[in-house]
Amino acid sequence: MSGTPVYTAKAAPVAGPYSQAIKTPNAIYCSGQIPCDAQGKLVEGTIQEKTAACIGNLKAVLEEAGSEIAKVVKVNVFLTDMVNFASMNEEYAKWFTHKPARSCVAVKQLPKGVDVEIECIALP
């Protein structure tokens, strides 16, 4: 089975040779989104503001693919410091009220030196 690449100018540009998402008949696989705007400018501020930027990018990609945040079934969150876990959760809960499955892991480093990256899988 193959998928269709998804791209929108309303989300962060990709930082390498990959798609913002791949849409298949059964799922949409979104690449990790970092806290930057559609022009690629990194978002400064609190971890809540950075989390909101990541999820806002995912929302734009999902909408381009014909889906929405409410159809997300799995989320992976990457943090460079678990001290940000509670604050990230505070913002995350505002967007994912349906409580999809989720993993959250601490990583040593993320692209462009950011401290949070979020990816997801959604239904079409």
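- For NZ of K74, the number of neighbouring non-hydrogen atoms (other residues, nucleotides, ligands) closer than 6.0 Å is greater than 12.
- Distance check: I55 CD1 to M88 CE gives 8.5 Å after rounding to the nearest 0.5 Å.
- Remark: side-chain polar atoms of E49 are paired, donor with acceptor, to backbone N or O of T46 under 3.5 angstrom.
- Applying the salt bridge (charged side-chain N to carboxylate O under 4.0 Å, His left out) criterion to K23, with sequence neighbours excluded, gives no partner residue.
- Here the closest non-hydrogen pair linking L42 and K112 is CD1-O, 3.8 Å.
- Remark: K71 engages no residue in a side-chain hydrogen bond (donor to acceptor under 3.5 Å, both in side chains) (not counting sequence neighbours).
- Y92 and V105 fall into different hydrophobic clusters, defined by Ile, Leu, Val, Met, Phe, Trp and Tyr side-chain heavy atoms under 4.5 Å apart, directly or through other members.
- When all heavy atoms are compared, the tightest approach of P13 to A38 is CD-O, 3.5 Å.
- Cluster annotation: I34 is not connected to V61 through the hydrophobic network of ILVMFWY side chains, with a link wherever side-chain heavy atoms come within less than 4.5 Å.
- Put simply, CG on D115 and CG on D81 are 8.5 Å apart, with the number rounded to the nearest 0.5 Å.
- One hydrophobic cluster holds both I118 and V72 under the rule that ILVMFWY side chains link at heavy-atom gaps under 4.5 Å.
- Counting only distance, with no hydrogens or angles, the side chain of S67 and the backbone of L62 share no donor-acceptor pair below 3.5 Å.
- Using a 4.5 Å heavy-atom cutoff, the side chains of V114 and K50 are not in contact.
- Applying side-chain hydrogen bond (donor to acceptor under 3.5 Å, both in side chains) to N76 and the options E119, R102, E117 leaves one that passes, E119.
- Considering only heavy atoms from C-beta on, Q48 stays 4.5 Å or farther from T51 through its side chain.
- Here the straight-line distance linking atom CD1 of I47 with atom OG1 of T80 works out to 7.0 Å at 0.5 Å rounding.
- Taking both residues in full, the closest heavy atoms of A53 and P35 are given as CB-CA, 3.9 Å, listed atom of the first, atom of the second, then distance.
- K10 places none of its side-chain heavy atoms less than 4.5 Å from the side chain of E64.
- Between C104 and M82 the shortest side-chain heavy-atom distance falls below 4.5 Å.
- Across A21 and C30, no two heavy atoms sit closer than the pair CB-CA, 3.9 Å.
- Listed for the D37 side chain is a donor-acceptor partner under 3.5 Å among the backbone atoms of K41.
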